[in-house]
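The next block holds one structure in the form of structure tokens; read it before the comments.
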Amino acid sequence: MVEVDDGVSGICATFVLCCQLATLCGQKSIKDLPGCWEHQVNDDWHLSFNGHLQELKNSSGDPVPPCSVWVKHSKYFTTGVVMPYGGIMVGGHEAENDLIGALESAIRELGGFPATDEAAQEMQP
């Protein structure tokens with residue numbers, strides 16, 4: 001998993017982007033939701049974000065580990081678990097890069113600047 005220079009050493013870029021998207025979608029405290037926060041990023045990618053300290057099932061019945069994001073691609077056998085300090089993705093780097101691109105696009109569509117965008121990082125104080 002790719003890291004992002006966000007001032008917090010070692011945080012997985014994909015996880016940071018998932019957090020950014022959730023915030024832009026109005027989520028203030030995912031840990032206080034009764035279950036996972038789920039979001040369709042685009043036509044292909046779906047997120048199930050578990051902010052709880054125990055495993056939960058998402059709306060499809062998939063087990064989502066504590067404090068992690070279950071990601072699933074609609075057309076390919078690509079799933080993964082993204083955690084703050086890494087994760088695993090069936091489909092490897094190509095699938096992860098596709099997910100990162102989808103997250104970045106969704107963040108921009110909502111008026112945000114992805115943490116992985118070098119220009120946005122340079123504008124930060």
Side-chain angles (χ1 to χ4, degrees):
M1 296 258 147
V2 179
E3 290 181 9
V4 65
D5 182 14
D6 64 349
V8 182
S9 180
I11 299 292
C12 173
T14 311
F15 188 82
V16 171
L17 292 172
C18 291
C19 292
Q20 277 191 287
L21 181 59
T23 299
L24 286 168
C25 289
Q27 294 303 312
K28 304 244 184 281
S29 182
I30 291 175
K31 71 174 180 59
D32 293 326
L33 296 175
C36 295
W37 175 71
E38 298 193 41
H39 183 76
Q40 190 70 39
V41 178
N42 61 14
D43 289 342
D44 296 325
W45 288 101
H46 181 82
L47 305 178
S48 300
F49 201 131
N50 179 4
H52 300 269
L53 296 176
Q54 69 275 358
E55 181 178 285
L56 298 175
K57 292 195 183 293
N58 65 13
S59 61
S60 298
D62 300 311
V64 184
C67 302
S68 66
V69 184
W70 176 267
V71 296
K72 184 167 184 143
H73 193 279
S74 65
K75 297 177 186 165
Y76 306 110
F77 184 69
T78 300
T79 57
V81 177
V82 180
M83 297 167 278
Y85 297 103
I88 187 164
M89 178 84 63
V90 175
H93 290 295
E94 185 176 313
E96 183 183 14
N97 289 338
D98 187 61
L99 174 59
I100 287 172
L103 291 166
E104 289 171 338
S105 292
I107 288 166
R108 286 186 188 103
E109 286 175 15
L110 293 170
F113 298 99
T116 50
D117 186 345
E118 290 180 24
Q121 289 181 20
E122 290 173 6
M123 292 173 24
Q124 298 295 323

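For Asp43, the CG atom is loosely surrounded, since the number of other residues' heavy atoms within 6.0 Å does not exceed 12. Glu94 CD: 12 or fewer foreign heavy atoms inside a 6.0 Å radius.
Test Val64, Leu103, Asn58 against Leu47 for side chain to side chain contact (heavy atoms under 4.5 Å, CB included) and you get one pass: Leu103.
Hydrophobic clustering, with ILVMFWY side chains joined whenever heavy atoms are under 4.5 angstrom apart, keeps Val82 apart from Leu56.
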For the pair Cys19 and Phe49, evaluate side-chain contact (heavy atoms from CB on, under 4.5 Å) and give the outcome as yes or no after the intermediate values. CA-CA 9 Å; Cys19 292; Phe49 201 131; 3.8 Å; yes

Using the rule given for side-chain contact (heavy atoms from CB on, under 4.5 Å), can you reason through Ile107 versus Leu17, listing the C-alpha separation, both sets of side-chain angles and the distance that settles it, and then say yes or no? CA-CA 8 Å; Ile107 288 166; Leu17 292 172; 3.7 Å; yes

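The two residues Trp37 and Cys25 have their closest heavy-atom pair at CZ2-CB, 3.7 Å. Shortest non-hydrogen contact noted between Cys12 and Gly86 is CB-N, 3.8 Å. Residues His52 and Pro34 come closest through the heavy atom pair NE2-C, 4.2 Å. Closest heavy-atom contact between Pro66 and Glu55: CG-N, 3.7 Å. Residues Cys67 and Pro84 come closest through the heavy atom pair O-CD, 3.6 Å. In terms of heavy-atom proximity, Ala115 sits nearest to Val16 at CB-CG1, 3.6 Å.
You'll find the side chain of Gln27 reaches within 4.5 Å of the side chain of Leu33, heavy atoms only. Contact check for His46 versus Val71: no side-chain heavy atoms found under the 4.5 Å cut-off. Counting heavy atoms from C-beta outward, Lys75 and Asp44 have side chains that approach closer than 4.5 Å. Side-chain contact check for Ser68 versus Phe15: every heavy-atom pair is 4.5 Å or farther apart.
Between the CH2 atom in Trp70 and the OG atom in Ser60 there is a gap of 10.0 Å [rounded to 0.5 Å]. Between the NZ atom of Lys72 and the CG atom of Leu99 there is a distance of 14.0 Å, given to the nearest 0.5 Å.
A donor-acceptor pair under 3.5 Å links the side-chain atoms of Glu38 to the main chain of Ser59, judged by distance alone. Although no hydrogens or angles enter the test, the distance criterion places a donor-acceptor pair under 3.5 Å between the side chain of Asn97 and the main chain of His93. Judged purely by atom type and a 3.5 angstrom limit, Asn50 uses its side chain to pair as donor or acceptor with the backbone of Pro65.
Sorted by first and then second residue, the side chain to side chain donor-acceptor pair (under 3.5 Å) pairs involving residues 98-114 (not counting sequence neighbours) are Trp45-Asp98, Glu104-Thr116.
One finds no salt bridge joining Lys57 and Asp62 here, because no Lys/Arg side-chain nitrogen approaches an Asp/Glu carboxylate oxygen to under 4.0 Å.
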